[in-house]
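In what follows, residues are counted from 1 in the order of the sequence shown.
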Amino acid sequence: MATSVVQIRMDPELRDSASETFEALGLDLPSAICIFLKKSVAVHGFPFDVRTEIPNDQTLQAMENVEKGVNLSRGFSSVAELMEDLNADD
């Protein structure tokens with residue numbers, strides 16, 4: 001089978017981390033990229049979900065509270081103390 005060269009630019013740190021990950025699986029980086037492309041063609045898209053994670057209103061409010069330092073729970077000195085507080089009837 002004839003092959004062609006594909007060049008991509010990427011952060012060297014990302015390249016090295018990806019290479020280490022794939023080497024642990026017994027693959028070199030070009031083979032891993034080829035597997036990704038073959039699977040993408042087979043499923044007619046990305047072989048995994050690609051989406052933005054948008055926090056819900058409750059999470060956004062909690063994040064805002066942390067930034068402002070309001071409505072935060074008190075600290076606990078032990079797990080037992082935390083569990084006692086969680087199980088308390090308020």
Side-chain angles (χ1 to χ4, degrees):
M1 170 178 41
T3 61
S4 64
V5 175
V6 176
Q7 290 183 317
I8 60 172
R9 294 190 185 280
M10 73 172 64
D11 180 280
E13 200 171 296
L14 173 60
R15 179 201 59 220
D16 295 344
S17 294
S19 290
E20 286 178 22
T21 299
F22 296 128
E23 283 174 14
L25 297 169
L27 298 167
D28 59 12
L29 188 56
S31 296
I33 292 170
C34 191
I35 290 170
F36 168 78
L37 294 174
K38 285 181 179 183
K39 185 65 174 179
S40 295
V41 168
V43 301
H44 301 285
F46 283 98
F48 46 80
D49 287 341
V50 178
R51 61 179 177 234
T52 35
E53 297 291 333
I54 302 172
N56 63 28
D57 290 341
Q58 184 179 7
T59 301
L60 288 171
Q61 182 63 55
M63 292 165 62
E64 185 177 321
N65 288 347
V66 169
E67 287 177 6
K68 293 179 179 178
V70 298
N71 297 326
L72 303 177
S73 66
R74 63 182 181 85
F76 299 97
S77 59
S78 69
V79 173
E81 187 180 345
L82 167 64
M83 294 307 295
E84 183 179 320
D85 187 70
L86 287 172
N87 292 321
D89 291 329
D90 291 331

*State the CD1-OG distance between Ile33 and Ser40, to the nearest 0.5 angstrom.*
11.5 Å

_Other residues, nucleotides, ligands: >12 heavy atoms within 6.0 Å of Arg74 CZ_ = yes

*Is it possible for you to say whether Val6 and Met10 belong to one hydrophobic cluster, with membership spreading through side-chain heavy-atom contacts below 4.5 Å?*
yes

*Is Phe46 reachable from Leu37 through a run of I, L, V, M, F, W or Y residues, each pair having side-chain heavy atoms under 4.5 Å apart?*
yes

*Approximate separation, where rounding is to 0.5 Å, of Ile35 CD1 and Phe22 CZ*: 8.5 Å

*asked:* What's the separation between atom CG in Leu29 and atom CD1 in Ile8, rounded to the nearest 0.5 Å?
replied: 7.0 Å

*Lys/Arg N to Asp/Glu carboxylate O, Glu13 vs Arg15, below 4.0 Å*: no

*Taking all non-hydrogen atoms of both residues into account, name the closest pair between Asn65 and Leu72 and its distance.*
O-CD2, 4.2 Å

*Is atom CG of Asp57 surrounded by more than 12 heavy atoms (other residues, nucleotides or ligands) closer than 6.0 Å?*
no

_Could you check whether any side-chain heavy atom of Thr59 comes within less than 4.5 Å of a side-chain heavy atom of Met63, counting everything from C-beta outward?_
yes

*Quick one: closest heavy-atom pair of Glu81 and Gly75, and the distance?*
OE2-O, 4.4 Å

*Taking atom CZ of Phe48 as the centre, report whether more than 12 heavy atoms of other residues, nucleotides or ligands fall under 6.0 Å from it.*
yes

_Closest heavy-atom pair and its distance - Ser31, Asp28_ = OG-OD1, 2.6 Å

